[in-house]
Participant: 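Can you keep this structure in mind? I'll have questions shortly.
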Amino acid sequence: MERCGALLDEGRLWDQSRELGQRLQALEAEAHDLAGQVFNLGSPKQLGEVLFEKLQIPVLKKTPKGAPSTAEDVLQELALDYPLPRLLLEHRSLSKLKGTYTDKLPGLINSETGRIHTSYHQAVTATGRLSSSAPNLQNIPIRTEEGRRIRQAFVPPEGYQIVAADYSQIELRIMAHLSEDPGLLAAFRDEIDVHSATAAEVFGVTLDDVSGDQRRKAKAINFGLIYGMSAFGLARQLHLDRGEAQRYIDVYFDRYPGVREYMDRTRALAHEQGYVETLFGRRLYLPEINAKNKMRQQAAERTAINAPMQGTAADIIKRAMLSVDRWLDEGQVEAKMIMQVHDELVLEVKTSALDAVCEELCSHMSAAAELAVPLVVEAGRGANWDEAH
DNA sequence: AGGTTAAGCGCG
DNA sequence: AAAGCGCGCTTAACCT
């Protein structure tokens with residue numbers, strides 16, 4: 001596919017790189033103080049010696065190869081009792097931003113186009129999504145404030161704005177469509193916040209009485225289901241005991257019986273056929289679905305649950321991209337489609353055309369598939385990619 | 001010097 | 001023993 005991409009405000013990224021460099025140095029100095037020795041925070045070997053030998057911090061989890069894990073969730077846990085893990089987490093996230101984005105992106109600006117370009121690949125992923133590389137523009141930070149500053153460097157040309165339009169809860173809507181569960185269908189048809197709706201069902205309260213914590217748990221349940229998560233996984237994520245997590249799941253399936261039936265059906269079909277399909281019939285073969293090794297078999301079952309939803313979402317946005325492309329090709333509006341991020345399309349739009357483009361863009365995306373529930377699209381606009389959200 | 005793997009982490 | 005899907009990039013550590 002032709003190399004796509006955006007304009008970049010490289011000055012902003014240089015400034016941020018310098019600032020991050022200073023903060024990282026300060027964090028390193030603090031870490032050396034706490035450890036009582038100088039060491040490389042990025043070296044698993046040196047870090048392990050400091051954390052688990054010198055400071056005698058407990059090993060909560062091991063890596064597949066048997067070394068003590070220092071993964072983020074482990075450090076979060078340890079940060080409650082020890083100061084160094086907290087520092088390490090901050091250092092990790094800042095060095096990720098600097099090393100992957102603020103240091104690297106400015107050097108990738110194409111001298112002819114003045115833009116940063118990526119390659120989208122159509123035949124890489126198992127589920128039918130696109131992938132993006134050199135550089136990957138589908139993992140530009142957004143979840144933290146410091147990360148959003150990087151996204152703010154993605155800017156439109158003079159006289160244009162960035163428009164970002166994304167599907168709202170597309171995978172859960174697809175689950176509602178495929179499972180035909182009455183409760184889930186009703187929630188989406190009534191445009192109720194789906195995580196709150198789930199919370200109300202699972203915790204037996206009215207929609208208005210759903211607490212923030214209940215919604216957070218329901219959200220974890222909803223996402224967990226899409227990924228085929230077990231009670232064990234849910235318990236670990238929500239810090240519950242297994243029994244309680246299992247009760248949440250049981251109540252969920254009790255309230256949304258169609259979802260349970262759909263998942264059972266999908267698993268059974270995968271075992272029978274050796275593949276699963278998206279709504280449009282694209283297949284994913286699962287060679288390990290009947291493997292002797294139960295662990296591999298269960299992994300294949302999780303894939304079987306997830307692939308129809310992730311894959312159907314991928315099919316839908318591809319249809320939308322074709323439809324948007326045909327529309328823009330007519331040349332009636334001054335707008336360019338510049339990026340795709342799985343459930344989101346990013347355009348550069350002439351300021352005078354903003355209202356019209358946003359409206360028609362949403363129409364094309366919403367109409368890309370006819371489901372039993374509305375395909376809601378949310379579009380934003382702004383002077384950079386962050387503002388457009 | 002150059003390639004590969006493991007661990008970790010950015011995104012949906 | 002593992003227990004949540006799909007990607008790509010970076011660094012350290014190890015290998016040829």
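Below, chains carry the letters A, B, ... as their sequence lines are ordered, and counting in each starts from 1.
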Participant: In whole Å, what is the span from the CD atom of Q340(A) to the P atom of dC11(B)?
Facilitator: 17 Å
Participant: Do we see a donor-acceptor contact under 3.5 Å between the side chains of Q152(A) and N384(A)?
Facilitator: no
Participant: With a 3.5 Å cut-off and no angle check, do the side chains of E301(A) and H271(A) form a donor-acceptor pair?
Facilitator: yes
Participant: Measure from the side-chain heavy atoms of S230(A) and tell me the nearest of dA3(C), dG6(C), dC9(B).
Facilitator: dA3(C)
Participant: Need one value for R129(A): base, sugar-phosphate or nothing, where a base atom within 4.0 Å counts as base even if backbone is also close, heavy atoms only.
Facilitator: base
Participant: Heavy-atom nearest nucleotide on DNA chain C for A299(A) versus K104(A): which residue maps closer to 5'?
Facilitator: A299(A)
Participant: Would you mind reading off the distance between L284(A) atom CG and dG6(C) atom P, rounded to a whole angstrom?
Facilitator: 8 Å
Participant: Categorize S95(A) for me: base, sugar-phosphate, or nothing, with a 4.0 angstrom heavy-atom threshold over every strand shown.
Facilitator: nothing
Participant: With distance as the sole criterion, do the side chain of Q310(A) and the base of dC5(C) form a donor-acceptor contact below 3.5 Å?
Facilitator: yes
Participant: When all nucleic acid strands are considered with a 4.0 Å heavy-atom cut-off, which category describes L234(A): base, sugar-phosphate, or nothing?
Facilitator: nothing
Participant: Mind calculating the distance between CG (D103(A)) and C1' (dG10(B)) to the nearest angstrom?
Facilitator: 15 Å
Participant: Whole angstroms only, please: what is the NZ-C1' distance between K96(A) and dA7(B)?
Facilitator: 10 Å
Participant: Taking OP1 and OP2 of dC5(C), is either one under 4.0 Å from a side-chain nitrogen or oxygen of T303(A)?
Facilitator: no
Participant: Given atom CG of L130(A) and atom C1' of dG8(C), what is their separation to the nearest angstrom?
Facilitator: 14 Å
Participant: Under 4.0 Å, counting only non-hydrogen atoms across every strand here, what does N40(A) touch: a base, just sugar-phosphate, or nothing?
Facilitator: sugar-phosphate
Participant: Distance only, no hydrogens: is a donor on one side chain within 3.5 Å (strictly under) of an acceptor on the other, for E344(A) and H389(A)?
Facilitator: yes
Participant: Of the listed nucleotides (dG8(C), dA3(C), dA7(B)), which one gets closest to any side-chain atom of P64(A)?
Facilitator: dA7(B)
Participant: Just to confirm, is there a sub-4.0 Å distance from OP1 or OP2 of dA6(B) to any side-chain nitrogen or oxygen of T63(A)?
Facilitator: no
Participant: Over how many whole Å does the gap from D343(A) atom CG to dC5(C) atom P extend?
Facilitator: 19 Å
Participant: Give the nucleotide from the list dA6(B), dC5(C), dC9(C) with an atom nearest to the side chain of S133(A).
Facilitator: dC9(C)
Participant: Would you say S43(A) places a side-chain N or O within less than 4.0 Å of OP1 or OP2 belonging to dA13(C)?
Facilitator: yes
Participant: From C-beta outward on N136(A), which listed nucleotide comes closest to its side chain: dG12(B), dC7(C), dG8(C)?
Facilitator: dG8(C)
Participant: Is there, by distance only and without an angle test, a donor paired with an acceptor across the side chain of N139(A) and the base of dG10(B) below 3.5 Å?
Facilitator: yes
Participant: Does the distance from a Lys or Arg side-chain N to an Asp or Glu carboxylate O, for E171(A) and R129(A), drop under 4.0 Å?
Facilitator: yes
Participant: Determine, for R216(A) against D213(A), whether the closest basic-nitrogen to carboxylate-oxygen distance falls under 4.0 angstrom.
Facilitator: yes
Participant: Once you apply a heavy-atom cut-off of 4.0 Å, does F223(A) come out as touching a base, just sugar-phosphate, or nothing?
Facilitator: base
Participant: Taking the side chain of R242(A) as heavy atoms from C-beta outward, which of dT10(C), dA3(C), dG8(B) is closest to it?
Facilitator: dA3(C)
Participant: Would R23(A) and E28(A) pass as an ion pair if we require N to O under 4.0 Å?
Facilitator: no
Participant: Which part of the nucleic acid, if any, lies within reach of K294(A) when heavy atoms closer than 4.0 Å are counted: base, sugar-phosphate only, or nothing?
Facilitator: nothing
Participant: Round to a whole Å and report the spacing from CG of L24(A) to C1' of dT11(C).
Facilitator: 14 Å
Participant: OP1, OP2 of dA7(B) versus side-chain N and O of T70(A): anything below 4.0 Å?
Facilitator: no
Participant: Is there a Watson-Crick or G-U wobble partner for dA3(C) with both distances under 3.5 Å, and if so, which one is it?
Facilitator: none
Participant: Quick check for you: among dA13(C), dG6(C), dA7(B), whose closest atom lies nearest to any side-chain atom of A126(A)?
Facilitator: dG6(C)
Participant: Kindly point out which of dA13(C), dG10(B), dG6(C) is positioned nearest to the side chain of E72(A)?
Facilitator: dG10(B)
Participant: Taking the side chain of M295(A) as heavy atoms from C-beta outward, which of dC11(B), dA2(C), dC5(C) is closest to it?
Facilitator: dA2(C)
Participant: What distance, rounded to whole Å, do you find between the two P atoms, one in dA7(B) and one in dA3(C)?
Facilitator: 13 Å
Participant: Using atom P of each nucleotide, how far apart are dG8(B) and dA2(C) to the nearest Å?
Facilitator: 14 Å
Participant: Looking at dG6(C), dG8(B), dG10(B), which one has an atom nearest to any side-chain atom of S93(A)?
Facilitator: dG10(B)
Participant: Does either side chain, that of N306(A) or that of T303(A), offer a donor lying less than 3.5 Å from an acceptor on the other one?
Facilitator: no
Participant: Do Y285(A) and R283(A) meet the criterion of a side-chain donor-acceptor pair at a distance under 3.5 Å?
Facilitator: yes
Participant: Distance check needed: dC9(C) C1' versus I150(A) CD1, whole Å only.
Facilitator: 13 Å
Participant: Ignoring hydrogens and angles, are the base of dG12(B) and the side chain of R143(A) linked by a donor-acceptor pair under 3.5 Å?
Facilitator: yes
Participant: Could you work out which one of dC11(B), dG8(B), dG6(C) sits closest to the side chain of I142(A)?
Facilitator: dC11(B)
